[in-house]
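The chain is numbered in sequence order, starting from 1.
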Amino acid sequence: MAVIVSAAVALVLVVGGGIWYAASGSGGKDDQARKGSDSSQTGGGGNSGPKPKTVDGKLLFSVPSQDVKDMVHAQGMWATDQVVAKSDVYKVTGYGLSGGKKWEIPVDGAICWANPQATADGKAVILVSDGKQTDDKPYGGPCTQVVALDLNKGTKLWQKTAKTGDKDMTFSEVTIGGGTVAAGGPTGGAAWTLDGGKELWKPKDGDDCKDAGYGGGDKLVAVRRCGDYQRPQLSIQTLDPKSGGVKSEFKMPMGLDYPHIASTDPLVVAVSAGDSTGNGASDFMVIDDSAKEGRLKSKISTGNGEYEPKCPATEAEGCTKISVTKDTLYLPTKQHSSGDSDQPGQVNEIIAFDLNSGQTKGKTEGVPGAQLMPLGVDKDGYAIAYQNATYKGGGQVLRIDPKTYKADVLLKNGDDSAKVEQDLSPQFKQGLWVQGRLFLGSDFVHKPTPGLDRENLMAVFGGS
């Protein structure tokens, strides 16, 4: 039995027949985090190369939302070296990186879920409802259709469903891991080859265990749910993406529900235990999946709301406001008073945690009045952060030095487009940093509100 007493005390687990004790990762009041870190300490990812040049950014283009009778899901935004693509009302549309519509792919229903990761060669997957919204079906049909797209070519590769008995399976999410497309949900998981859409697996009759969801990337990781739905035994399984065979399995402590795969390589899982702050993650568990039996390496606490990542309620993927590099997890702190009469207002920081020990090792300072959050990791392995636009000025994209944890400004947006940035802030919506551009997008298209400006579905910022 495993008991997580609270986010601030020791974690006691029985793993592989023995008892394992891990001191919780410290909260934001940790002395080392508050005072910064030794500049000689190496962080995760990146090589701490020359300081990058700051680019003066501007709004390159925006895409206004369509008129709809009711709210329509439009989750999904991807950027390659050739195109930025955005989910829209019953379609996905591709644009040039500096503007101009390039292509449009219609789909049969609302886009229920869109995995935010595109492959290196521009492939992406979405989950589509079985039918569009009507007066009889205001939310459309169930989410049964898995669609693979080639973003660079602007084409639909294939569209598939999976059946249990004579019924189409309903899915909650879909991902790409190791060249395999895998979709999971309440009735289990199914998978297809990205190249061609050949079915690889689906639930077996009488199986008491189901794949609730998957995490993708270079690896494919499943959240496996067995037994009673109210009190299931959950496992995190690293799979062979071609066969679905289990390469490594880590059994989660009882009492946890809906774990989130924050990263597959390294394997980092967000869990919610004890008091909930509504962010979906009370702790991050770092798992060594190099052996058949997975091993818990460390546990990092979010300090009962002292840190503010954002994970969805039930999906296996989808955590935002975090950056995970090869050996470091970056989390934003809760805003607090600056305590500076010369710069009054609310301020927060980004704290770096060592994945091996779970301890803090560095701090990136924010500025009063503009919330700071991790945005992801760039192609060179550096953690990327975003400083929110304010009523006074535009937002900024920052790169965190993995040795000093100081932030270098990559993009400084103009003040004249600050309102557009605020409306699409990745604090609540999707944000991407790709090809030296900042892409901000909404997950929904709303019915217009009389007297208010039309909302933007997407906005793109860059130097040129």
Side-chain angles (χ1 to χ4, degrees), residues 52-68 72 74-89 91-104 114 116 118 151-152 154 320-321 366-367 369-376 378-379 384-399 407-446 448-449 451-464:
K53 181 181 178 181
T54 300
V55 174
D56 290 327
K58 62 182 179 180
L59 176 62
L60 298 177
F61 72 99
S62 60
V63 178
S65 294
Q66 291 183 223
D67 287 338
V68 291
V72 177
Q75 184 185 28
M77 182 173 64
W78 312 265
T80 73
D81 59 352
Q82 301 176 38
V83 66
V84 54
K86 180 71 186 79
S87 296
D88 205 332
V89 180
K91 62 185 177 183
V92 178
T93 306
Y95 303 88
L97 296 178
S98 297
K101 183 177 175 180
K102 299 184 70 172
W103 50 258
E104 182 177 297
L151 304 177
N152 289 332
T320 59
K321 296 174 65 178
V367 297
Q371 195 157 6
L372 184 66
M373 74 194 81
L375 191 62
D378 71 7
K379 62 182 179 62
I384 299 297
Y386 176 71
Q387 181 179 293
N388 263 338
T390 69
Y391 70 93
K392 291 183 178 180
Q396 297 183 3
V397 177
L398 313 170
R399 189 184 79 176
D408 295 317
V409 180
L410 301 177
L411 184 73
K412 186 181 187 326
N413 286 331
D415 300 346
D416 56 348
S417 57
K419 178 63 165 58
V420 176
E421 278 192 85
Q422 285 181 308
D423 291 344
L424 291 173
S425 170
Q427 184 77 14
F428 308 103
K429 300 176 183 180
Q430 189 176 1
L432 296 173
W433 173 252
V434 181
Q435 301 294 327
R437 288 172 171 80
L438 174 67
F439 303 90
L440 303 178
S442 178
D443 291 339
F444 301 94
V445 177
H446 297 96
T449 302
L452 297 181
D453 293 338
R454 184 184 294 271
E455 294 180 344
N456 281 314
L457 181 66
M458 181 177 70
V460 180
F461 300 83
S464 60

Audit row: E421, Y386, side chain to side chain contact (heavy atoms under 4.5 Å, CB included) steps and yes/no: CA-CA 11 Å; E421 278 192 85; Y386 176 71; 2.6 Å; yes
Side chain to side chain contact (heavy atoms under 4.5 Å, CB included) between T93 and V63, worked out: CA-CA 10 Å; T93 306; V63 178; over 6 Å; no
Verdict with supporting geometry, F461 and V397, side chain to side chain contact (heavy atoms under 4.5 Å, CB included): CA-CA 10 Å; F461 300 83; V397 177; over 6 Å; no
Test log, rule side-chain hydrogen bond (donor to acceptor under 3.5 Å, both in side chains), inputs K91 and Q66: CA-CA 12 Å; K91 62 185 177 183; Q66 291 183 223; 3.3 Å; yes
Audit row: I384, R399, side chain to side chain contact (heavy atoms under 4.5 Å, CB included) steps and yes/no: CA-CA 5 Å; I384 299 297; R399 189 184 79 176; 4.0 Å; yes
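S425 has its side chain out of reach of L440: every pair of non-hydrogen atoms, C-beta onward, lies at least 4.5 Å apart. Here the side chains of F439 and L60 are not in contact, with every heavy-atom distance at 4.5 Å or above. Using a 4.5 Å cut-off on side-chain heavy atoms (C-beta onward), T320 and Q430 make no contact. Put simply, the side chain of S98 reaches to within 4.5 Å of the side chain of R437, judged on heavy atoms. Side-chain contact between L398 and L372 is present, with heavy atoms from C-beta onward closer than 4.5 Å. For the pair W78 and V83, the minimum side-chain heavy-atom distance is 4.5 Å or more.
No donor-acceptor pair under 3.5 Å is formed between the side chain of W433 and the backbone N or O of A385. A donor-acceptor pair under 3.5 Å is absent between the side-chain atoms of K379 and the main chain of V434, judged by distance alone. D415 contributes a side-chain N or O that, together with a main-chain N or O of G394, makes up a donor-acceptor pair within less than 3.5 Å. Counting only distance, with no hydrogens or angles, the side chain of K86 and the backbone of G76 share a donor-acceptor pair below 3.5 Å.
K58 contributes atom NZ, which lies 16.0 Å from atom NZ of K412 (distance to the nearest 0.5 angstrom). Note: M458 CE to D88 CG = 9.0 Å, rounded to the nearest 0.5 Å. Taking NZ of K53 as the start and CG of L410 as the end, the distance is 13.0 Å to the nearest 0.5 Å. In this structure, CG on L457 lies 5.0 Å from OG on S65, to the nearest 0.5 angstrom.
Around CZ of F428, the count of heavy atoms belonging to other residues, nucleotides or ligands within 6.0 Å does not exceed 12. By the 6.0 Å contact criterion, CG on D81 is enclosed, its count of non-hydrogen atoms from other residues, nucleotides or ligands being greater than 12.
Residues G393 and A418 come closest through the heavy atom pair O-CB, 3.5 Å. Contact detail for A74 and S87: the closest heavy-atom pair is O-CB, 3.4 Å. Of all non-hydrogen atoms in Q387 and A370, the two that sit nearest each other are CG-CB, 3.6 Å. Residues L151 and A118 come closest through the heavy atom pair CD1-CB, 4.1 Å. Summarising the geometry of S442 relative to N456, their closest heavy-atom pair is CB-O, 4.3 Å, with the distance given to 0.1 Å. Counting all heavy atoms, side chain and backbone alike, G463 lies closest to L411 at N-CD1, 4.3 Å.
A side-chain donor-acceptor contact under 3.5 Å links N152 and T80.
By the 4.0 Å N-to-carboxylate-O rule, K429 lies too far from D423 to be salt-bridged with it.
The side-chain contact (heavy atoms from CB on, under 4.5 Å) test with L438 is passed by exactly one of L424, L432, N413, V460: N413.
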